[in-house]
Amino acid sequence: MIDYHLHGNFCGHATGELEEYVTSALEKGFDEIGFSAHLPKVIDPDPYHAMLEEDLPRYVDLVLSLQNRYSDRVLIKLGIEADYFEGHEEKTARLLDKYPFDYVLGSVHFLDDWHFTSRVGLPRYETEDPNEVFPRYYMLLKRMISTGLFDIAAHADAIRREHFQPPDTLENEYREVARLLSSNGMSIEVSTAGIRRGAGSIYPDLKLLGACIEAGVTVTLGSDAHRPEEVGLDYDEAFKALRRLGVTGIATYDRRKAVIKTLPVLNES
Ligand SMILES: [Zn+2]
Ligand SMILES: [Zn+2]
């Protein structure tokens with residue numbers, strides 16, 4: 001079993017030492033995990049959202065030392081979750097190139113000044129217009145994918161919440177996102193965080209995931225754990241979705257190259 005989206009106390013909104021996540025993963029029988037702390041923001045640094053740039057070398061060293069220390073029990077990958085800030089691609093690329101990351105999650109957490117994935121951004125869902133927000137969100141997501149800076153699209157429709165849905169179908173957007181992921185050689189993350197963050201189901205929506213599978217896009221798995229006990233949370237839901245869509249392979253990453261592994265549990269009927 002694999003969990004490629006683990007945080008830890010390098011940012012202000014997550015808790016727990018990285019080693020506590022390793023312990024939790026071992027208890028739950030994971031054989032491969034990846035840390036994906038938030039990459040320092042390339043604009044307006046904010047230690048609540050992401051570690052500061054001066055902490056990045058310590059993060060990399062710690063993950064590599066855990067990788068070494070636990071090598072006989074669990075495979076630990078050095079990942080990172082990078083925000084997409086339009087117009088700041090070069091600085092993002094420079095930061096990513098400095099370290100030997102196994103994979104880079106690409107994420108949209110901000111829509112202009114709205115940090116919609118954060119607790120402080122929640123009240124704005126009451127006043128924003130989905131007709132206006134969804135097209136803008138998908139535009140940004142597609143630009144993020146097209147930069148070629150990232151390996152995996154994390155929580156690809158995190159803007160979705162149970163009461164915040166587009167009135168019209170997004171099927172054209174889904175097809176376009178799938179096509180872009182495929183042509184950029186990226187994977188899509190199946191994230192169980194949507195279940196506990198107001199979307200009421202996994203990210204992405206099954207229709208978006210289905211469009212991706214149809215386009216041949218590979219899949220990674222993650223809980224987006226911000227506390228050690230959240231490692232692998234709600235994985236039964238993720239497996240259910242993957243089985244329904246006939247997915248049997250999961251993408252893993254090594255120095256930014258995808259390697260597809262078969263998960264035995266996915267073959268259960
Ligand atoms: Zn976070
Ligand atoms: Zn995220």
Side-chain angles (χ1 to χ4, degrees), residues 3-18 20-21 24 33-53 55-56 59 63 77-86 88 92 95-96 101 103-111 114-122 125 137-138 140-141 143-145 147 149-161 177 181 186-199 201-205 208-209 219-234 238 253:
D3 192 334
Y4 260 22
H5 199 145
L6 307 179
H7 288 272
N9 58 8
F10 277 82
C11 63
H13 67 277
T15 57
E17 298 288 334
L18 301 194
E20 294 178 75
Y21 289 72
S24 176
I33 56 171
F35 284 101
S36 56
H38 293 280
L39 184 77
K41 283 179 78 188
V42 294
I43 46 166
D44 307 324
D46 169 10
Y48 183 74
H49 176 65
M51 71 179 106
L52 299 175
E53 207 173 319
D55 292 324
L56 192 48
Y59 166 72
V63 174
K77 294 294 171 75
L78 174 64
I80 198 85
E81 179 176 16
D83 281 294
Y84 172 53
F85 292 116
E86 206 179 351
H88 300 271
T92 306
L95 210 48
L96 293 173
F101 294 117
Y103 60 87
V104 177
L105 302 181
S107 295
V108 175
H109 296 117
F110 299 86
L111 208 50
W114 183 22
H115 188 180
F116 61 86
T117 54
S118 146
R119 221 168 299 162
V120 294
L122 276 185
Y125 271 103
Y137 174 81
Y138 275 95
L140 199 57
L141 180 72
R143 285 194 189 137
M144 184 274 276
I145 296 167
T147 61
L149 286 173
F150 314 102
D151 304 309
I152 300 161
H155 47 62
D157 59 350
I159 191 79
R160 174 173 60 91
R161 304 188 80 84
V177 167
L181 286 170
M186 282 175 72
S187 294
I188 185 140
E189 175 191 64
V190 172
S191 167
T192 58
I195 297 167
R196 58 186 195 277
R197 300 229 186 103
S201 60
I202 57 162
Y203 298 131
D205 178 277
L208 172 51
L209 184 58
V219 167
T220 66
L221 262 177
S223 62
D224 205 349
H226 281 67
R227 291 180 295 155
E229 60 271 28
E230 289 177 349
V231 176
L233 199 64
D234 293 322
Y253 282 83

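Being a predicted model, the structure only gives us computed values, none of them experimental. Indexing begins at 1, ligand by ligand and atom by atom, following the structure's order.
- For the Zn ion (ligand 1), the set of nearby N, O or S atoms under 2.8 Å includes none belonging to Cys11.
- Residue-and-atom listing of protein N/O/S atoms under 2.8 Å from the Zn ion (ligand 2), sorted by chain and number: Glu81 OE2, His109 NE2, His155 NE2.
- Looking only at distances, no side-chain donor or acceptor of Glu20 sits under 3.5 Å from a matching main-chain atom of Gly16.
- The heavy-atom pair separating Asp224 from Ala193 by the smallest distance is CB-CB, 3.7 Å.
- For Tyr59, the ring pair (Phe, Tyr, Trp, His ring centres under 6.0 Å) criterion is met by Phe10, not counting sequence neighbours.
- The six-membered or imidazole ring of Phe116 lies away from that of Tyr125, with a centre-to-centre distance of 6.0 Å or more.
- Residues Trp114 and Tyr137 place their aromatic rings such that the two centres sit no closer than 6.0 Å.
- By the 6.0 Å and 45° rule, Arg143 does not stack over the aromatic ring of Tyr84.
- Taking 2.8 Å as the threshold, His226 counts as a candidate ligand of the Zn ion (ligand 1), since one of its N, O or S atoms lies below it.
- His13 contributes NE2 as its N, O or S atom closest to the Zn ion (ligand 1).
- Between Phe110 and Phe85, the distance separating the two ring centers is shorter than 6.0 angstrom.
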